[in-house]
Structure formats: C-alpha cells, structure tokens
2 protein chains.
Amino acid sequence: MEQMLRMPRRDAVASMEALAVDHSNGRSAGHRDDAALYRRIYDRIRDLILGGRLGPGTRLPASRALAAELECSRTSVLAAFAQLQSEGYIEGRAGSGTFVSGVLPEQLLSVRPEPAQRADRKRRTPEVPRRHLSQRGEVLARYARGPRTPATAFIPGVPELRAFPFDVWARLLGRTWRRPAGGLARHGDGAGQRPLREAIADYLRVVRAVRCDWRQVLITTGAQQAVDLAAHLLLDPGDAAWIEEPGYPGLRGPLIAAGVELVPVPVDGAGISVTAGRRLAPHARLAVVTPSHQYPLGIVMSLARRLELLDWAHAEKAWIVEDDFDSEYRYSGRPLAALQGLDAAAPDGGRVLYVGSFSKVLFPSLRIGYVVLPPALVEPVLRARAGLDDHPSAVAQPALAAFMGEGHFAAHIRRMRTLYAGRQAMLVTAAERYLSGLLEVPADEAGLHLVARLTPALAARLDDRQAAARAQAAGLVTPALSSYFLHAPTAQGLLLGYAAANDGEINRAVKTLAAVLSRTG
Amino acid sequence: MEQMLRMPRRDAVASMEALAVDHSNGRSAGHRDDAALYRRIYDRIRDLILGGRLGPGTRLPASRALAAELECSRTSVLAAFAQLQSEGYIEGRAGSGTFVSGVLPEQLLSVRPEPAQRADRKRRTPEVPRRHLSQRGEVLARYARGPRTPATAFIPGVPELRAFPFDVWARLLGRTWRRPAGGLARHGDGAGQRPLREAIADYLRVVRAVRCDWRQVLITTGAQQAVDLAAHLLLDPGDAAWIEEPGYPGLRGPLIAAGVELVPVPVDGAGISVTAGRRLAPHARLAVVTPSHQYPLGIVMSLARRLELLDWAHAEKAWIVEDDFDSEYRYSGRPLAALQGLDAAAPDGGRVLYVGSFSKVLFPSLRIGYVVLPPALVEPVLRARAGLDDHPSAVAQPALAAFMGEGHFAAHIRRMRTLYAGRQAMLVTAAERYLSGLLEVPADEAGLHLVARLTPALAARLDDRQAAARAQAAGLVTPALSSYFLHAPTAQGLLLGYAAANDGEINRAVKTLAAVLSRTG
C-alpha cells in the first residue's frame with residue numbers, strides 16, 4: 001500500500017519524498033479522513049525510524065512544509081508528530097525543530113525483533129514480543145508510572161498524611177460496616193450512594209458555586225475514570241481533544257485508550273489559548289482544562305477566556321472537562337467560581353463536566369473522585385458505566401459521607417489550608433536564602449506546589465531535566481516542567497511540592513537542592 | 001458515498017439491492033477492511049430502519065446470502081447483525097431468521113429527530129440529541145443496567161448477605177486504618193498491595209491449580225476492569241474477540257468500548273466450539289471463556305476442548321481470558337483445574353489471563369477482583385493501568401488480606417457451600433412438586449443458579465421473555481436464557497438463582513412462579 005522509497009542511512013535531514021504517504025483513500029476531505037491520514041503519516045515515519053532509514057538525530061521537515069507537500073492539513077502532521085514524540089521516537093527541541101530521538105529506548109528497537117534476537121525463549125520472565133500488544137497498547141505500555149518513592153520533599157500533589165485524623169476515619173469505617181444499612185453490601189447504584197452524592201453537591205454548591213443537583217454527581221475512582229467515561233461516550237476514535245500545554249499527563253492515558261487525537265494547546269497568562277485551539281483543531285470534540293489553577297503553571301483562567309472557551313464549546317457542540325484538582329487550597333485572593341457554574345444555566349444544560357477528587361484532601365489511596373454531569377448526560381453515562389465498571393465500591397462511601405456530614409471534612413481542610421500556607425511561605429523564604437542565583441521561586445495564591453524557574457546562569461549549565469535528575473540522585477523529587485509538555489517544551493522549571501514536607505524537611509531539602517545545583521561539571 | 005436505492009415502505013422482505021453498500025475502499029482483503037465493511041453494513045441497515053425504509057417486522061436476507069451478494073465475508077455480515085441486534089434495531093427469531101424489531105425502542109426513533117420534534121428545548125432535564133454522543137457512546141448508552149431490585153428470589157449471582165460476618169469485616173477495617181501501616185494512605189502500587197496479592201496467589205495455587213507467583217496478580221475493581229485493560233492493551237479497534245454464545249453480557253461493555261468486534265461462538269456440550277470459532281473468526285485476538293462452569297449454561301469445558309482452545313491461541317498468538325466467576329461453589333464432582341494451570345508452563349509463559357472476583361464470596365459492593373497475568377504481560381498491564389486508573393483503592397485491601405490470612409475467607413466459603421447446596425436441593429424439590437409440566441429444573445454440580453427449561457407445553461404458550469416478564473410482574477427476578485444470546489437465541493429457559501433466598505423464600509417463590517406461568521391468556 002505504501003510507496004517504499006530508498007534513502008541513504010543517517011541522512012541528516014529527512015527528504016520529503018521519503019515521507020510520502022499514500023492517501024488516495026483519505027483525500028475526500030472531512031475529519032475522519034484526516035484521522036486516517038494522521039495514522040499513515042505516523043506509521044510511515046515510525047517504519048522509517050525502526051528500519052534504520054531515519055537515523056538518530058535526523059531532522060524532520062517542518063510540519064507546515066510537510067503538510068503542504070502531502071497536501072494534507074497541518075493538524076494531521078502535528079498529530080502524527082505528537083504521537084511519535086509521546087512514544088519516544090522523535091523529540092522536539094525548542095526553537096530548532098523536530099528530530100529523530102538521539103537515543104532510541106531499547107524497547108523501541110525490539111518492536112520488530114530480528115529472528116536471531118528471539119532465541120532465548122526460555123528465560124524465566126519472557127518478554128512479550130511487542131507486536132503482541134495492540135498499537136494503542138504499545139502507547140499505553142509506555143506510560144510513565146508516577147513516583148512511588150517514600151514521602152519526601154518536593155513530591156507534588158501529595159498532601160500531609162501525618163495530619164490526617166485516621167482514628168476518626170477508622171471509627172467511621174467500623175461504624176458503617178458493623179451492621180451495614182439497607183442494601184449497602186448489595187450491588188450498588190452505578191452513580192454511587194445518595195448520602196455521599198448529596199454531601200458532595202452541597203459542598204460544591206457552596207464552596208465552588210457549582211450549579212447542580214445531587215443526581216448529577218457520579219462517584220468515580222478518580223479523575224481518570226471520569227475522563228475515561230467521557231472520552232468513550234462522547235468521542236469516537238480519531239476525534240480531537242484539546243489538552244493544556246503544558247498540562248497534567250495523568251489525564252492523557254484515558255484519551256489515548258479511547259483513540260482520541262491529543263491536541264496540545266498552549267497556555268498563556270489567561271489560561272488555555274482558545275485562539276490557538278481554534279487554529280490547531282477547530283472542530284475538537286472535547287477540551288480538558290484546569291481553569292481554577294492551571295496544572296502545573298498555576299494560572300487562573302480569566303473570565304474573558306472562560307467565556308471565549310464556552311462560546312467555542314457551544315458553537316461546536318463540544319464538551320469541556322473542568323478538572324478542579326486542588327481548588328480546596330487557596331491561601332489568598334478571591335477564587336473565581338467554577339467554570340461549570342457559568343455555564344450550567346445554558347438552555348441545553350451546559351457543556352461542562354466538572355471533575356474533582358478526594359486524593360489531595362483525604363489521602364491518595366482512597367481513590368474516590370466524582371464528576372458533575374450536565375443533566376442530559378446523566379443517564380447515558382450511568383449506562384456506559386454499568387457496561388464498563390458496574391458501580392463504585394461501597395466500602396468507603398458511607399464513611400466518607402459521614403466524614404463530610406459530621407464536619408470532619410471542613411475542619412480538616414481549614415487546618416490543612418493554614419498548614420500549607422505556612423509551608424509555602426517557608427519554601428519561598430528558604431529559596432530566597434539558599435537558591436538565589438540558581439532558581440526563582442515565586443509565591444502562588446493557591447495549590448500544593450510552586451514552579452521554580454531556572455535563572456539564566458543555571459540554565460546556561462543545565463536544562464530542567466538534568467536539574468531534576470541531580471535532585472533525584474540526592475533523594476529529592478522535583479519533576480522538570482518540560483516533562484509536562486507533549487510537544488517541544490517552551491518553558492523550563494522545577495515543580496516543588498511543599499504540602500507533604502514539614503518546615504524542617506523543606507529547609508533541609510532546599511539546602512540539598514542548592515548544593516546539587518551549584519555543583520559544576 | 002452510498003448508493004441510495006428506493007424501496008417500498010414496509011417491504012416484507014428486504015431486497016438485496018437495498019442493502020447494497022459501497023466497499024470500493026474495503027475490497028483489498030485483510031482484517032481491517034472487513035472491520036470497515038462491517039461498519040458500512042451496519043450503517044446502511046440502520047439508516048434504512050431509521051429512515052422507515054425497512055419497516056418493523058421486515059425480514060432481512062440470510063447472512064450467508066447477503067455476504068455472497070456483497071462479496072464479503074459472512075463474518076462481516078454477522079458482526080453487523082450482532083451490533084444491530086445488541087442495539088435493538090433487529091431481532092433474531094430462533095429457526096426463522098432475522099427481522100427488523102417489531103417495536104423499536106423510543107430512543108432509537110429519536111436518533112435523528114426531525115426539526116419539529118426539537119422544539120421543547122427548555123424542559124427541566126433536556127435530552128441530549130443523541131448525535132452528541134459518539135457512535136460507540138450510543139452503543140454503550142444502550143447498555144441495560146442490571147436489576148437493582150431489593151433482595152428477592154431468584155436473582156442470579158448474588159450471594160446470601162445475611163450470613164456474612166460483617167462484625168469481623170468492620171473490625172478488620174477499623175483495625176487496619178486506625179494507625180495505617182507504612183505507605184497505606186499514599187499512592188499505592190498499581191498492582192495492589194502485596195499481602196493481598198500473596199493471599200490470592202496462595203489460594204489460587206492450592207484450590208484452582210493456578211500456576212502463579214504473587215507478582216502476577218493484579219488487583220482490579222472487578223472482572224470488567226480486567227477485560228477493559230486486556231482489550232485496550234492487546235487489541236486494536238476492529239480486532240475480533242470470541243465470546244461465548246450464550247454468555248455473560250457484563251463483559252461485552254469493555255470490549256465494545258475498546259472497539260472490539262464481538263464474535264459470538266456457540267457453546268456445545270463440551271464448551272465453546274473452537275471449530276465454530278475458527279470458522280467465524282479464525283484470526284480473533286482474544287477469546288473470553290468460562291471453562292470451569294459456563295455462564296449461564298453451567299457446562300464444564302472438556303479437557304479435549306481446553307487443549308483445542310489452547311492450540312488455537314498459541315497458533316494464532318491470541319489471548320484467552322478465563323473468567324472463573326463462581327469456582328468457589330462446587331457441591332459434588334471433582335472440579336477440573338483452571339485452564340490457566342494447563343498453559344502456564346508454556347515456553348512463552350502462557351496465553352491465559354485468569355480473572356476472578358470477590359463479589360460472590362464476600363459481597364457485590366466490595367468491588368475487588370483480580371487478574372493473574374502471564375509474566376510477560378505484567379509490566380505492560382501495570383503501565384497501562386497507571387495511565388487509565390492509577391491504582392486500586394487501598395481502603396478494603398488490608399482488611400481483605402487479613403480476612404483471607406486469618407481463615408475467615410475459607411471458613412465462610414465452607415459455610416456457604418453447605419448452605420447453597422441445601423438451597424439448590426430445595427429448589428429442585430420444590431420445582432418437581434410445583435412446576436412439573438411447566439419447567440424442567442435439572443440440578444447442577446456447581447454455581448449459584450439453575451437453568452430451567454420450558455416444557456413443550458409451556459413453550460407452546462409463552463417464550464422465555466414472556467415468562468420472565470410475568471415473573472417480574474409478580475416480584476420475581478428470573479432472567480430469560482435468550483437474553484444471554486447476542487445473536488438469534490438457540491435455546492430458551494429461565495435462570496433461577498438460589499443463593500440469596502432461604503428455603504422458605506425459595507418455596508414461596510416457586511409457588512408464585514408456578515401460578516403466573518400456569519395462567520393462560
């Protein structure tokens with residue numbers, strides 16, 4: 001099907017001809033055909049890399065030029081590049097273009113193993129020849145698992161667990177299960193238990209100005225399951241979704257599994273750029289955003305931008321997932337109400353799915369989250385959920401409902417807000433003292449982490465991934481800002497989580513970080 | 001794109017020409033093209049039904065004849081029919097063919113609403129115009145949710161909850177959370193907690209002859225999540241999977257969400273017919289089977305059939321999901337070891353994913369299951385899980401591990417086995433007394449339900465769906481056997497669950513059933 005053209009090995013710049021793909025089936029315009037073409041471009045480039053015809057370091061043509069040559073949309077080319085990059089085949093270098101990865105991960109090289117390489121079949125833990133995974137499986141299986149390190153400074157997004165009232169929690173668990181009420185042990189409601197849904201709806205109405213009835217609240221295992229359900233129910237394979245660039249990698253997996261084309265849309269000072277989104281993928285079916293406190297940059301989406309985003313969604317009949325991941329922790333300034341509240345009065349019931357979780361308020365291993373659905377989506381999502389994951393576990397729901405209903409939840413948030421505000425101040429102070437000349441660590445009105453920027457002096461010696469690797473070697477978790485980009489990063493920095501470490505731990509960790517970053521060579 | 005041919009409304013038999021689909025793009029052979037063609041056949045027939053050109057009751061051509069006419073594989077036609085049937089557009093009638101559904105569900109008729117029908121947009125709970133869901137979303141949103149009725153006779157698959165030691169359970173929950181050990185509250189291992197995985201591996205090795213190390217055990221929210229992960233990781237959209245016909249509908253959802261083509265393969269007296277599977281879809285990538293106790297028929301897959309299935313999987317490098325859903329409850333006869341144990345010594349580590357859950361041993365709302373993976377799949381599945389649903393909730397895992405480790409689990413199973421054996425005997429006796437002439441209710445060596453067959457005398461008056469509807473109206477849940485078929489049912493019967501009802505309840509329910517089925521007219 002594809003035209004195979006010879007080309008010299010290790011050609012420094014890939015020729016347009018070599019990248020030619022057959023799109024005789026895909027020319028009749030329309031979105032689906034773009035999606036098919038994107039896959040052909042992806043397949044073609046991957047084959048050339050795996051076959052050794054595009055060597056490490058080879059520069060790829062600019063997406064615009066390649067799109068013109070292939071007579072296809074630039075979106076298709078960008079999508080193929082994004083996929084190849086997320087799988088490690090190619091890498092973007094800020095300002096200088098896109099290149100075949102310098103060091104291909106070993107597993108990439110074994111995608112199509114030579115017969116000779118497959119001799120040792122009796123090893124104790126045999127490797128699956130990778131072609132036994134599906135194509136999307138190969139992408140999913142490259143998903144980088146989050147850090148599973150012991151509690152340590154600067155791990156972002158993890159709350160202080162030493163301050164959680166586990167005695168109360170244990171008592172509530174025991175109390176709700178000793179003589180389980182009604183049908184607690186039986187197959188539950190696919191949406192979750194009513195008392196918990198009511199408690200969540202009450203909380204969100206008051207604190208986040210979410211407009212909802214408890215019937216719109218669906219209990220999930222977390223934000224990922226909410227996105228998984230939405231992506232499968234609302235999008236077909238090849239449909240495009242806007243994601244924030246940089247953004248939270250944890251929500252990309254469900255979109256990839258659903259066959260959705262990820263379209264990273266740059267974030268500016270007012271939030272996701274709707275203008276850029278319209279240019280990159282005007283007919284996207286979904287936008288996943290963090291308006292209250294952009295992850296990881298901490299930007300609050302302006303009201304004008306919110307209205308612009310809603311306008312787009314209504315005009316395109318697209319959906320918006322509002323991930324309000326750490327709205328509980330705002331230390332100063334007046335929070336903007338949830339995007340959902342701006343939109344829920346629309347005649348069609350609104351286009352925003354509001355997503356939250358208890359991971360950062362109670363504890364991460366609880367694995368209870370929720371999504372507030374537009375009324376018209378409640379029944380379809382419930383049915384889809386029944387087909388995919390029956391109903392949420394009932395074990396923790398009544399205890400959590402009691403934890404909220406009896407005031408422990410609000411009290412815990414109040415205590416943690418004070419605690420974390422103090423820790424952020426400690427981090428800023430310590431950074432001014434020990435990290436000046438290396439990192440700039442501006443304060444933030446909200447959240448559980450700060451984004452430290454590399455000073456020009458440090459940036460001349462290290463990029464942020466190298467800085468993160470040095471910190472990691474010294475026992476510190478400080479993810480590189482560039483690792484939150486799907487395409488070529490346009491900013492560098494380090495994420496410094498401060499919630500899980502006390503003042504002394506923060507102080508020591510800042511000194512350690514200063515020491516490893518000061519080291520030259 | 002499609003040739004639109006006129007045809008008279010309510011034509012009693014659909015003409016071949018009317019069903020003509022354009023497959024100029026899909027003729028170049030190969031599996032993917034079959035998948036595309038299947039979708040075109042599906043789209044075409046659906047359009048004709050929704051447009052009113054194929055009226056209710058219209059008979060469709062035989063699949064073999066239509067395949068010949070369209071010059072495509074019969075598999076494509078059968079797959080399109082299966083999809084249409086699962087969505088309620090068409091229905092199979094045993095022995096007489098396939099027909100446009102007599103009564104189209106109301107929501108089907110509103111798939112493409114006329115403009116006039118869309119005036120009332122300000123209703124309090126607006127309906128989503130269905131085209132706002134994705135194509136797969138429309139299929140998922142038609143998923144029939146299971147019964148959420150109060151505990152009652154004959155609901156299948158639900159254990160006796162009045163006998164569960166909730167005092168022990170509550171104590172273990174409280175004990176494990178009062179001072180949570182180690183990192184219990186932090187982000188957990190994506191595979192689940194080691195003590196629970198060890199307890200499961202020990203149990204399965206001894207009781208089911210599963211060959212595994214605890215590292216191969218992945219904790220899930222249930223069998224659905226195991227199939228969801230496997231389908232996304234191992235299959236691409238359009239890939240085929242064998243499912244048992246009749247079979248458990250609960251595992252179809254994850255396959256549909258993953259874009260997998262469902263291929264129902266008939267079950268005979270020795271289990272799933274590998275011969276039929278090879279004929280229908282020789283290159284399927286997956287087979288989902290219940291070898292220990294076929295659901296719902298109760299057949300034990302013969303050893304010869306097991307070896308034949310494994311041969312096929314190894315030759316095709318396909319995967320097998322072994323759903324061992326009620327293996328704990330065997331009352332007589334010697335159980336065959338798990339299929340997994342037959343295969344795990346294969347040089348490649350085996351091709352069986354062994355799936356189980358605690359829903360039927362502890363209680364359904366626990367929502368903890370597991371999958372035992374071939375060693376080579378452990379790391380890819382863990383990574384895929386991290387991308388899709390981070391890690392399983394830690395709340396119940398330590399209590400469950402203690403429940404198993406301290407002997408409560410084995411003791412509870414022993415007690416329940418005695419209890420359920422007695423209830424099955426009660427059901428058989430009561431059926432002989434009250435249901436003779438209406439239903440034949442043979443005993444079974446295992447499980448939590450019996451399959452009652454309609455006597456010829458009853459079958460002359462009612463089909464099994466009508467019988468089930470009568471029972472339902474009298475407060476009894478007795479699912480029709482025909483509802484477990486994806487294609488035209490080849491058997492009729494009623495499922496009678498006996499685990500959740502005590503002897504008195506069973507006796508009363510049998511009398512009620514006899515009364516409603518005896519009624520003529």
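Sequence lines set the chain letters: A, B, ... in the order given, protein chains first and strands last, and positions in each chain run from 1.
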Interface moiety of [X] toward chain B, non-hydrogen atoms closer than 4.5 Å:
X	value
A:Ile368	neither
A:Asp389	both
A:Pro180	side chain
A:Leu161	side chain
A:Ala230	neither

**Message:** Taking the ring of B:Phe164 and the ring of A:Trp177, is the distance between their centroids below 6.0 Å?
**Reply:**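 Not under 6.0 Å, so no.
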State, to 0.1 Å, how close [X] and [Y] come at their nearest heavy-atom pair, and which atoms those are.
X	Y	result
B:Leu233	A:Ala141	CD1-CB, 4.2 Å
B:Ala170	A:Gly174	CB-O, 3.5 Å
B:His232	A:Ser134	O-OG, 3.1 Å

**Prompt:** Run the side-chain contact (heavy atoms from CB on, under 4.5 Å) check on A:Ile155 and B:Arg186 step by step: do they pass?
**Reply:** CA-CA 12 Å; A:Ile155 185 165; B:Arg186 292 169 48 78; 4.2 Å; yes
Do side-chain atoms of [X] reach the backbone of [Y] as a donor and acceptor pair under 3.5 angstrom?
X	Y	answer
B:Gln224	A:Ala386	yes
A:Ser393	B:Arg367	no
A:Ser365	B:Val395	no
A:Asp236	B:Arg136	yes
B:Gln225	A:Leu388	no

**Message:** Rounded at 0.5 Å granularity, tell me how far CG in B:Leu173 sits from OG1 in A:Thr176.
**Reply:**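 Interatomic distance, B:Leu173 CG to A:Thr176 OG1, rounded to 0.5 Å: 7.5 Å.
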**Message:** Return the CG to CG distance between B:Leu140 and A:Leu229, rounded to the nearest 0.5 Å.
**Reply:**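 So the gap between those two atoms works out to 9.0 Å.
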Among [options], which residue forms the greatest number of heavy-atom pairs with chain B at distances under 4.5 Å?
options	result
A:Pro159, A:Ala399, A:Ala257	A:Ala257
A:Leu235, A:Val227, A:Asp228	A:Leu235
A:Ser359, A:Gly222, A:Ala258	A:Ala258

Contacting moiety of [X], where chain A heavy atoms sit under 4.5 Å:
X	result
B:Ala231	backbone
B:Arg178	both
B:Pro165	neither

**Message:** For chain A, which candidate among B:Asp167, B:Val381, B:Leu366 shows the most heavy-atom pairs at distances under 4.5 Å?
**Reply:**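 When all of B:Asp167, B:Val381, B:Leu366 are compared, B:Leu366 has the most.
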**A:Arg162 atom CZ: more than 12 heavy-atom contacts under 6.0 Å** =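 Yes, because the 6.0 Å sphere around CZ of A:Arg162 holds more than 12 heavy atoms from other groups.
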**Request:** Go through the steps to decide whether A:Leu133 and B:Leu377 satisfy the test side-chain contact (heavy atoms from CB on, under 4.5 Å), and finish with yes or no.
**Result:** CA-CA 9 Å; A:Leu133 302 183; B:Leu377 285 186; 4.0 Å; yes
